[in-house]
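Worksheet for the structure shown next.
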2 protein chains.
Amino acid sequence: MPPFDMVRSMTGVGVDVHPCGTCPVRPLTVCAVLDDEEISRLADIVQTVRVDAQHTIFSEGDPATNVFNVTSGTAKLYKLLPDGRRQITGFLFGGDFMGLSVNERYAYTAETVSATTICRFARRKLDTLMDEFPKLQRRLFSLASTELAAAQDQMLLLGRKTAREKIASFLIMLSDRAARRGQRDNPVALPMGRADIADYLGLTTETVSRTFTQLKSSGVISLLENNRVDLIDRTAIHEIAEGV
Amino acid sequence: MPPFDMVRSMTGVGVDVHPCGTCPVRPLTVCAVLDDEEISRLADIVQTVRVDAQHTIFSEGDPATNVFNVTSGTAKLYKLLPDGRRQITGFLFGGDFMGLSVNERYAYTAETVSATTICRFARRKLDTLMDEFPKLQRRLFSLASTELAAAQDQMLLLGRKTAREKIASFLIMLSDRAARRGQRDNPVALPMGRADIADYLGLTTETVSRTFTQLKSSGVISLLENNRVDLIDRTAIHEIAEGV
DNA sequence: CGGCTGCGTTGATGTACATCAAGCTGGCGC
DNA sequence: GCGCCAGCTTGATGTACATCAACGCAGCCG
């Protein structure tokens, strides 16, 4: 797999889909805190690319030369064990950020789930821009803190919740995040397959499938076509998610 | 439980144990990037307190008025489900930071494991100091990124590793962190009880206990007095941890 | 149109870990 | 010293979820 920097030669990838000025998710992203003047400075160091579904954006262990912002579509981040066991550590939707790294290497692999558009920043250039605009730094810090809180919620889920509670939590999370992007929070779309859901929740595809049908049977959700889920009784789902 | 701000009235708590100038873990902490002049500014807004074992420092949901740095001893962070199930999201040792929060509320409860000394900063004051010293901001960002990477490792552990692999990973983690603090990395001390280990790894105390004896039987560790563990075959433990 | 393929669902069985239940041990107060 | 208690270990049993296996179904391509 070639590094993403060679993106022009990759299949399923297009460049410069839209400029920052018309960015649809600007208020959600790192860019929210910058005014038009500052955005134009950011625009100088950004490249917007379009990636087809199921393509690798970067791999665990690669030199972390870029950071990314998803503007539309869905991506996933995951880590692998040597024998192939996989843990998806997060799904990314429009407005989400990825690629922060500690030691100059990516700590996980990033892959698109559906067709996705992404802003790519050269890390070095972003660093200098952070020096220039402290509020950019502040914003990134704030985003990292939010992600950290989400990671802790996920630890609680993985370590202590049942399959039923995990699926319910997952649905609530997707619904909430859709709302934050200004989309309807019900029914909720599942752009990822059962295997991805399983690897995100620490389950198998079979258990994910069974649990969906079980929730359907108990009447709190309904499975619609196009992998969408109708949250019939949102309060009940919320209670299940919290283990009440 | 009273808020920690009322610490002077709490039992098992002492104030101003040592000043920043003689801080034993300064190179590990947020303070590492500041020179003596700047440290003295930081010292103005810090209070060093000593807390006995098994005391709550702050609780999930409390207003996040302070941030903390552990200078010695051990603390744990955890989240609870309504029915009492608990997930410990992290252990803190000398040099570790805690209390970052997104929405002005702590996202978890912090409790001491052993007797612990802690630096307490008023968040508001730290914020203004961050404006003044951008490298302080930068440092906190870097610490948050490191924590985020650790959180992702922990997700992999909780979601995909077996009990045996979890315990092995835990021992390696403790050993590595002891080394980073300049302590010997073997044998490794376990200041926390089996219940805490279980709630950190998503297991029960019984399984933790059985797994320790199983690792002992297979000859890769030895259980010493004072809750210390001798890592007899470190490479083997490392391989178990990575699921090889 | 028909076969192939990937994905989801459902069923039968297995198992790693939880749960329930004793003992064991060491520290501590009296 | 003795008894008590909390924490650790060990054993017997249970179960939630994994594994193994089959099947349905839609999309796709020849």
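Because only heavy atoms are used, hydrogens play no part in the values below, and waters and symmetry mates are left out as well, while side chains stay in. These figures come from a predicted structure and were not determined experimentally.
Nearer the 5' end of DNA chain C, as judged by each residue's closest nucleotide, is the contact made by A/R210, out of B/R164 and A/R210.
Atoms CG (A/L224) and P (C/dG8) sit 16 Å apart, rounded to a whole Å. As a whole-Å value, the separation of A/D199 CG from C/dG8 P is 12 Å. Here C/dA16 presents its C1' atom at 12 Å from CD of B/E165, a figure rounded to the nearest Å. Separating the CD atom of B/Q214 from the C1' atom of D/dG11 is a distance of 16 Å, rounded to the nearest angstrom. Between A/N227 atom CG and C/dC7 atom C1' there is a gap of 10 Å when expressed in whole angstrom units. Protein atom CG of B/L157 is 12 Å distant from nucleotide atom P of C/dC17, rounded to whole Å. Residue A/R160 contributes atom CZ, which lies 16 Å from atom P of D/dA16 at whole-angstrom precision. In this structure, the CD1 atom of A/I167 is 10 Å from the P atom of D/dC17, given to the nearest Å.
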### Derivation and outcome, salt bridge (Lys or Arg N to Asp or Glu O under 4.0 Å), residues B/D199 and A/R160
CA-CA 8 Å; B/D199 282 347; A/R160 289 302 181 209; 2.7 Å; yes
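Side-chain N/O atoms of B/T204 include one lying less than 4.0 angstrom from OP1 or OP2 on C/dA18. Remark: B/R194 is in phosphate contact with D/dT9, judged by side-chain N or O atoms under 4.0 Å from OP1 or OP2. For the OP1/OP2 pair of C/dT10 and a distance below 4.0 Å, the side-chain nitrogens and oxygens of A/S209 include no atom meeting the criterion. Using a 4.0 Å cut-off, no side-chain N or O of B/T207 falls inside it from OP1 or OP2 of C/dC17.
Between A/Y78 and A/Q87, the side chains place no donor N or O within less than 3.5 Å of an acceptor N or O (distance only, hydrogens not considered). Side-chain contact check for A/N103 and A/S101: no donor-acceptor pair (N or O, by modelled atom type) lies under 3.5 Å.
Relative to the side chain of B/E206, the nucleotides C/dT9, D/dT10, C/dA12 differ in distance, and D/dT10 lies closest.
Relative to the six-membered ring of A/F93, A/R177 misses at least one condition, a distance below 6.0 Å or an angle of at most 45° to the axis.
A/S175 contributes a side-chain N or O that, together with a main-chain N or O of A/D185, makes up a donor-acceptor pair within less than 3.5 Å.
Among the atoms of the strands shown, none is found under 4.0 Å from any heavy atom of B/T205.
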